[in-house]
Amino acid sequence: MASRVSEQHIDPWQLIAEHQAAHRQNGQFGAAASFIGTMRDFSERQNLSKMTLEHYPAMTGQYLEKLEQEAREQWPLQDCLIVHRVGDIYPGDAIVIIACWSAHRRAALDACNWLIEELKYRAPFWKQEFNPEGAHWVEENTNGHSSN
Amino acid sequence: MASRVSEQHIDPWQLIAEHQAAHRQNGQFGAAASFIGTMRDFSERQNLSKMTLEHYPAMTGQYLEKLEQEAREQWPLQDCLIVHRVGDIYPGDAIVIIACWSAHRRAALDACNWLIEELKYRAPFWKQEFNPEGAHWVEENTNGHSSN
Amino acid sequence: MSIQVKFFASLREKIGKAEVELATASNAGDAWAQATDNAPRPDNVLVAINLDYAKFDSVVKDGDEVAFFPPVTGG
Amino acid sequence: MSIQVKFFASLREKIGKAEVELATASNAGDAWAQATDNAPRPDNVLVAINLDYAKFDSVVKDGDEVAFFPPVTGG
């Protein structure tokens, strides 16, 4: 499984394109759905200059694998990729990348949608935001149906 | 609005990446959701070598614009891109590309999902498939919740 | 002025015409009958008047474009 | 053998420790009490035992890793 955390900056569209070129055979898949979460320079606080994403390494590794496996069990996916940034992140940087490939559209779309919600509410990552006033731990992800 | 038909082959991830780089300002958007429909070399028939996508040019142009506009009215999107291929298409080629950008994830994901369903059931495009046995018009898109 | 009738995709091949010009037509169903010489109309045929989906009893006016086509299969 | 207790993110800063080793603990709540010197436990603290979400009354065995952390905010 290719799902993983990354300590390095990611170009999300290139990552997905390269994964597809390396792993998917042309003519075999009919649908690709993706979601990319990107750092904004504001949230409930303004002028964010940086964010640090802490995680629980042993647990996140296992958790991303489990998520990918559960998605593959629930939907007929041909491939699935989850990459989550950790470490220092700057405005405009990708935080999370999810891509799902399937024969027909519903599997890829529904799995992608499920994966981002699961990730938001269960995966052991924590955001600390920095702005001129200092460092601030984000207390919790806001409601699943309205938040970033 | 950037939504359009294309008579030329499209590299879907590059198209989305370039659109984002040209139109979105880093740090301003938090979410990007995309869907890409790709030609397979089989459907209900085997060994497809080619597909020809016919459309009703005046109506598709207006229809894609209307779809984009309706999506922007229903969800707080920062940007929205729909590109649909017409003409000769080969296995592995992208048929349709949808990408939505928003501050928070639900708008981008829900709009992307809605747009592909609307496109499938309303937009005046018709597929003719070619295999060694000859040409065959696809009669109708199968059920919205199971089909490609 | 006149009424332009268009056929697309498999319907164009079945009818054997892409475009027909009519002098007048009362509604979309009448345009079909005239343009196809009263060919039977498959149940799943869709109609658009001036690029918007319409019904077979929708009124057609001078200068309108009436299009008939099979179920759409894009996306 | 022993029990490893870990704290993450804002909770690590509040407690002032990242890791504590305990000789023994009956359950996750007991591990919290020992590792924090009976600090009050915020309502929203989550616990995982051996990398899986657990409850505060979940049994802890010798060799287990018990982690306490605030609500997750990834994605």
Side-chain angles (χ1 to χ4, degrees), chain A residues 11-21 24-43 47-49 76 90-110 112-113 116-117 119-120 141-148, chain B residues 11-21 24-43 47-49 76 90-110 112-113 116-117 119-120 141-148:
Chain A
D11 179 327
W13 307 110
Q14 195 186 334
L15 178 88
I16 297 174
E18 286 176 0
H19 183 91
Q20 179 175 298
R24 294 297 95 216
Q25 204 184 332
N26 266 355
Q28 295 298 299
F29 62 96
S34 78
F35 176 79
I36 295 165
T38 303
M39 185 184 167
R40 292 182 301 156
D41 55 19
F42 61 98
S43 60
N47 301 314
L48 301 182
S49 57
Y90 300 89
D93 286 358
I95 300 169
V96 60
I97 291 149
I98 296 173
C100 297
W101 287 265
S102 57
H104 302 288
R105 72 184 179 286
R106 293 299 344 148
L109 286 161
D110 292 347
C112 185
N113 197 72
I116 184 61
E117 295 298 331
L119 255 182
K120 281 273 187 189
N141 275 330
T142 47
N143 186 288
H145 294 275
S146 66
S147 90
N148 167 30
Chain B
D11 179 326
W13 306 110
Q14 195 186 334
L15 178 88
I16 297 174
E18 286 176 2
H19 183 92
Q20 180 176 297
R24 293 299 94 215
Q25 205 184 331
N26 267 356
Q28 295 299 298
F29 62 96
S34 78
F35 176 80
I36 296 165
T38 303
M39 185 186 168
R40 292 181 301 155
D41 56 19
F42 61 98
S43 60
N47 300 315
L48 302 181
S49 57
Y90 300 90
D93 286 358
I95 300 168
V96 61
I97 290 148
I98 296 173
C100 297
W101 287 266
S102 57
H104 301 288
R105 70 183 181 288
R106 292 301 343 150
L109 285 161
D110 292 347
C112 185
N113 197 71
I116 183 60
E117 295 298 331
L119 255 183
K120 281 272 186 189
N141 276 330
T142 47
N143 185 289
H145 293 278
S146 66
S147 91
N148 168 31

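So you know, we letter chains A, B, ... as the sequences are listed, proteins then strands, and number each from 1.
Between W13(A) and H19(B), the ring center distance fails the sub-6.0 Å criterion.
In terms of heavy-atom pairs under 4.5 angstrom with chain B, the leader among G92(A), A99(A), A32(A) is A32(A). Among P76(B), G27(B), S102(B), the residue with the largest count of heavy-atom pairs under 4.5 Å with chain A is G27(B). Comparing P91(B), A17(B), A94(B) by how many heavy-atom pairs each has under 4.5 Å with chain A, the most go to A17(B).
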List the steps and the verdict of side-chain contact (heavy atoms from CB on, under 4.5 Å) for N113(B) and R106(A).
CA-CA 9 Å; N113(B) 197 71; R106(A) 293 299 344 148; 2.8 Å; yes
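Taking CZ of R105(A) as the reference point, atom SG of C100(A) lies at 16.0 Å (rounded to 0.5 Å). Note that CD of E117(B) and CG of L109(A) are 7.5 Å apart. Values are rounded to the nearest 0.5 Å.
In this structure, the portions of I36(A) lying under 4.5 Å from any heavy atom of chain B include both its backbone and its side chain. With a 4.5 Å cut-off on non-hydrogen atoms, Q20(A) touches chain B through its side chain but not through its backbone.
The closest side-chain heavy-atom distance from F35(A) to C112(B) is not below 4.5 Å.
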